[in-house]
Protein chains: 2
Amino acid sequence: MAYKDALPALADPTRRKIFERLRHGAKPVGVIAKGLPVSRPAVSQHLKVLKEAGLVDDRAEGTRRVYYIDPKGLADLRRWLDQFWDEALEAFRAEVEKDHEKK
Amino acid sequence: MAYKDALPALADPTRRKIFERLRHGAKPVGVIAKGLPVSRPAVSQHLKVLKEAGLVDDRAEGTRRVYYIDPKGLADLRRWLDQFWDEALEAFRAEVEKDHEKK
DNA sequence: CCTTACGGTAAGTTATGGCTTACAAAGATG
DNA sequence: CATCTTTGTAAGCCATAACTTACCGTAAGG
């Protein structure tokens, strides 16, 4: 069910940048925001969306909040995609078949 | 590169319904629209977005346009996701490690 | 032909979502 | 304890995206 949240979450370019920045490891909000073309509060809001989608999680570290990728959301997305993949490919083969018949 | 179009395309719930309706085979616009809570022109607009994202393709059949899933867009999305998956999982393991150290 | 069925496009409206600035809370540091 | 750092939240603004109705082109069929 969570892919319904993950897809909109990853649809936004800025949010994708944030997400991709965490690919190699955890980072506090300030570090994530540094270099991005939006304000730090904007980054906080994006992180909230990503968290609600199960794509990231965070942990307190003093006054900082360290964010890292949560595989849960990614796994849900993969599951949905894979389930689709087989059926869609099969249907596509049938389509190509029809196309060739026409000629 | 096309995953950047595929993600926003699949982020919309109505568009996902349309896409999922084509999972098992091709359908003309009218059939797709039937049962959906939006007007037929809206469906046409959604199909255009899906097509530009490489997620569907269409073929003329008399006065009808038959739409079907194009594996191309789906494949791009899978590739992006898989590439992410390995690195993210590794980073997550390091995270859990740190968590346990704290205790 | 004339009409009917089908679907794309244009124009306009409205809701949503991403951004900003301002503010508040909570831990570190002297 | 005062202050500084780091972050989340609130309120408001604005662009965009999803929808509607109206219209047009095109193929089928009497």
Side-chain angles (χ1 to χ4, degrees), chain A residues 3-22 25-70 73 95 98 102, chain B residues 3-22 25-70 73 95 98 102:
Chain A
Y3 70 90
K4 289 185 181 178
D5 299 318
L7 284 168
L10 293 174
D12 180 72
T14 306
R15 219 140 44 204
R16 259 203 318 274
K17 272 191 200 166
I18 292 175
F19 192 60
E20 286 169 359
R21 232 165 235 227
L22 298 175
K27 285 183 179 33
V29 179
V31 174
I32 300 173
K34 186 149 256 173
L36 285 181
V38 297
S39 70
R40 188 204 44 80
V43 173
S44 269
Q45 291 164 7
H46 282 309
L47 285 168
K48 187 180 182 182
V49 174
L50 288 171
K51 184 174 179 181
E52 285 170 351
L55 288 165
V56 305
D57 204 353
D58 64 324
R59 123 179 75 91
E61 198 157 288
T63 169
R64 317 180 184 226
R65 301 226 114 214
V66 174
Y67 282 83
Y68 52 91
I69 288 184
D70 182 356
E95 231 22 71
K98 268 185 195 166
K102 302 252 158 170
Chain B
Y3 70 90
K4 289 184 182 178
D5 298 319
L7 284 169
L10 293 174
D12 181 72
T14 306
R15 218 140 45 205
R16 258 202 320 273
K17 273 191 199 166
I18 292 174
F19 191 61
E20 286 170 359
R21 233 165 233 227
L22 298 176
K27 286 182 177 36
V29 179
V31 175
I32 299 173
K34 186 149 259 173
L36 284 181
V38 298
S39 69
R40 185 201 46 78
V43 173
S44 269
Q45 292 163 6
H46 282 308
L47 285 168
K48 187 179 183 183
V49 174
L50 288 170
K51 184 174 179 181
E52 285 171 351
L55 288 166
V56 305
D57 204 354
D58 64 322
R59 124 180 74 91
E61 197 157 289
T63 169
R64 315 176 186 231
R65 301 229 114 213
V66 174
Y67 282 83
Y68 51 91
I69 289 185
D70 182 354
E95 231 23 70
K98 267 185 196 165
K102 300 252 160 174

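Fair warning: this is a prediction, and the values are worked out from it, not measured in the lab. Letters go in sequence order (proteins before strands), and every chain restarts at 1.
The NE2 atom of His46(B) sits 13 Å away from the P atom of dG8(C) (whole-angstrom rounding). Straight-line distance from the NZ atom of Lys48(B) to the C1' atom of dT9(C): 8 Å, rounded to whole Å. Taking atom CD on Glu52(B) and atom C1' on dT9(C), their separation rounds to 13 Å, with Å as the unit.
Between Asp58(A) and the choices Lys51(A), Lys27(A), Arg64(A), the salt bridge (charged side-chain N to carboxylate O under 4.0 Å, His left out) rule is met once, by Lys51(A).
The base of dG27(C) has none of its N or O atoms less than 3.5 Å from a complementary donor or acceptor on the side chain of Arg65(A).
Here Arg15(A) reaches the OP1 or OP2 of dG18(C): one of its side-chain N or O atoms lies under 4.0 Å away. Contact annotation: Ser44(B) side-chain N/O to dG8(C) OP1/OP2 distance is under 4.0 Å.
Between Arg65(A) and Leu47(A), the closest side-chain pair of non-hydrogen atoms is not below 4.5 Å.
Checking side-chain atoms of Arg16(A) against main-chain N and O of Leu10(A) turns up a donor-acceptor pair under 3.5 Å. A distance-only check finds no donor-acceptor pair linking the side chain of Arg21(B) to the backbone of Ala33(B) [under 3.5 Å]. No donor-acceptor pair closer than 3.5 Å links the side chain of Arg15(A) to the backbone N or O of His46(A).
At a threshold of 4.0 angstrom between heavy atoms, the contacts of Pro41(B) include nucleobase atoms, whether or not backbone atoms are also involved.
Comparing the end axes of the helix from dC1(C)-dG30(D) to dG30(C)-dC1(D), each fitted to five base pairs by superposing C1' atoms of four pairs onto the next four, gives an inter-axis angle of 20° (nearest 10 degrees).
Of the two residues contacting DNA chain C, namely Thr63(A) and Arg64(B), the nearest-nucleotide position lying further toward the 5' end is that of Arg64(B).
For DNA chain D, the span of nucleotides reached by chain B at under 4.0 Å from its heavy atoms goes, 5' to 3', from dA18(D) to dA28(D).
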